[in-house]
Each structure stands twice: as structure tokens, then as C-alpha cells.
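See structure below.
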Amino acid sequence: MVRRASCSCGQLTAMAEGEAVVVSVCHCRSCQSRTGSAFGIAAFFKAVDVELSGASNTFQRPGDSGKNIEFNFCPTCGSTVFWKPEFRPGLVAIALGCFEEAHSFRPTKSVYDSFGHEWVSLDLGDAT
């Protein structure tokens, strides 16, 4: 199975083959700021299973691990489509909302829950 993700204008894309290694919801303040939402959510795939195309700009910041995270976003519409965290070598994170069939993913992990808004409730089932 190949899954397609793209930015709002469609010029920056990520094609991911197979299943995600992990689908993670992050409640940290940096993800809240980056998304303008209560949390960020990404599907992590092996880098060898992801084909990236289109122009992107990058923003790099240190994560709480002390290792850098490189975010790639469309220079036209500004959508962050994917990022490469040094703390997870060999993986590419793709923003869940950029997938054409985002509903087919289910979170398997939630991190930085202490920063989560009290009204956010996730049912991870047996995933944790």
C-alpha cells in the first residue's frame, strides 16, 4: 500500500509505502505552536519507504532530547508536511492531516501529555 500526503496547494508531497512504524500524538508546546492546534500528530515511516517531491523550506530546532528536528514546509502555502527527527534516525514523520486518507490511521502513542489541554481525550485502545 502506498499512501500520499501533500501540502494544502499540492506541490510538496510525500509518498509512503507500507504501514507506519508509529502514529504519535504530541502535546508539547512546540507542536501546539507549530500546528496552531491543541497537539500535533504524525505517522512515522522508515525513510527508505518514503519518496519526497516538490520544493520545501526547512526550519530546524532542538528537541527536548537535545537532538535537532528538521521541519519541511511548502514555500507557497506554508504547510508542514514532514520532518526528520535526529532522535529517531532512519524515520521520517509525516503530518497526519496531510494524508489523503488520514482517517485510516489510528494513534498508537501519546507524548508530553502533561502539556495537554484538559479537554483533550484520546482513546488509544490497546495501542499503548
Side-chain angles (χ1 to χ4, degrees):
M1 169 187 288
V2 177
R3 300 171 192 247
R4 182 178 188 276
S6 67
C7 63
S8 293
C9 72
Q11 84 76 33
L12 179 59
T13 64
M15 303 292 284
E17 188 170 346
E19 295 300 319
V21 174
V22 65
V23 178
S24 183
V25 175
C26 182
H27 301 274
C28 79
R29 290 289 303 133
S30 293
C31 281
Q32 290 178 24
S33 178
R34 178 181 55 79
T35 64
S37 184
F39 52 83
I41 183 167
F44 288 81
F45 288 87
K46 294 177 185 174
V48 297
D49 294 335
V50 176
E51 181 182 327
L52 306 168
S53 63
S56 69
N57 288 345
T58 61
F59 172 71
Q60 186 170 295
R61 69 167 176 82
D64 288 343
S65 68
K67 297 185 177 185
N68 289 326
I69 306 170
E70 178 186 276
F71 295 92
N72 292 257
F73 60 95
C74 176
T76 302
C77 68
S79 299
T80 300
V81 177
F82 65 94
W83 51 99
K84 299 175 182 177
E86 282 183 353
F87 69 91
R88 288 197 172 161
L91 297 182
V92 174
I94 303 174
L96 191 78
C98 292
F99 281 99
E100 290 177 345
E101 297 188 16
H103 66 278
S104 68
F105 292 91
R106 182 174 177 84
T108 57
K109 184 176 188 176
S110 180
V111 297
Y112 293 98
D113 294 342
S114 63
F115 292 97
H117 296 271
E118 64 184 36
W119 48 265
V120 171
S121 175
L122 298 173
D123 177 9
L124 298 180
D126 295 332
T128 57

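For the salt bridge (charged side-chain N to carboxylate O under 4.0 Å, His left out) with Arg3, the qualifying choice from Glu19, Glu100, Glu101 is Glu19, the only one to do so. No option in Phe44, Phe99, Phe105 other than Phe99 meets the side chain to side chain contact (heavy atoms under 4.5 Å, CB included) test with Ile94.
For the pair Ala95 and Thr80, the tightest heavy-atom approach, listed with the atom from each and the gap, is CB-O, 3.6 Å. Nearest heavy atoms, Phe45 versus Ala20: CE2-N, 3.4 Å. Closest of all the heavy-atom pairs between Asn72 and Leu12 is O-CD2, 4.3 Å.
At least one side-chain heavy atom of Leu91 sits less than 4.5 Å from a side-chain heavy atom of Lys46. Contact of the Pro107 side chain with the Ile41 side chain is registered, since non-hydrogen atoms from C-beta on lie closer than 4.5 Å. Proximity of His27 to Ser110: side-chain heavy atoms (C-beta onward) are separated by under 4.5 Å at one or more points. Gln11 places a side-chain heavy atom less than 4.5 Å from the side chain of Pro75. Within the 4.5 Å cutoff, the side chain of Arg88 has heavy atoms near those of the Val22 side chain. Side-chain contact check for Leu52 versus Lys84: some heavy-atom pair is nearer than 4.5 Å.
Under a hydrophobic clustering in which Ile, Leu, Val, Met, Phe, Trp and Tyr are joined whenever their side-chain heavy atoms come within less than 4.5 Å, directly or via other members, Val25 and Val92 fall into the same cluster. Both Phe82 and Val23 are part of a single hydrophobic cluster, where members link through side-chain heavy atoms under 4.5 Å apart.
Side-chain atoms of Thr58 do not come within 3.5 Å of backbone N or O of Glu70 as any donor-acceptor pair. Remark: side-chain polar atoms of Glu86 are paired, donor with acceptor, to backbone N or O of Asn68 under 3.5 angstrom. Distance alone, capped at 3.5 Å, places no donor-acceptor pair between the Thr13 side chain and the Ser6 backbone. Ser65 places a side-chain N or O within 3.5 Å of a backbone atom of Lys67 that can act as its donor or acceptor partner.
Residue pairs meeting the ring-ring contact (aromatic ring centres under 6.0 Å, His included) criterion with at least one partner in residues 46-78, sequence neighbours excluded, are Phe71-Trp83.
Residues forming a salt bridge (Lys or Arg N to Asp or Glu O under 4.0 Å) with Glu51 (at least two apart in sequence, or on another chain): none.
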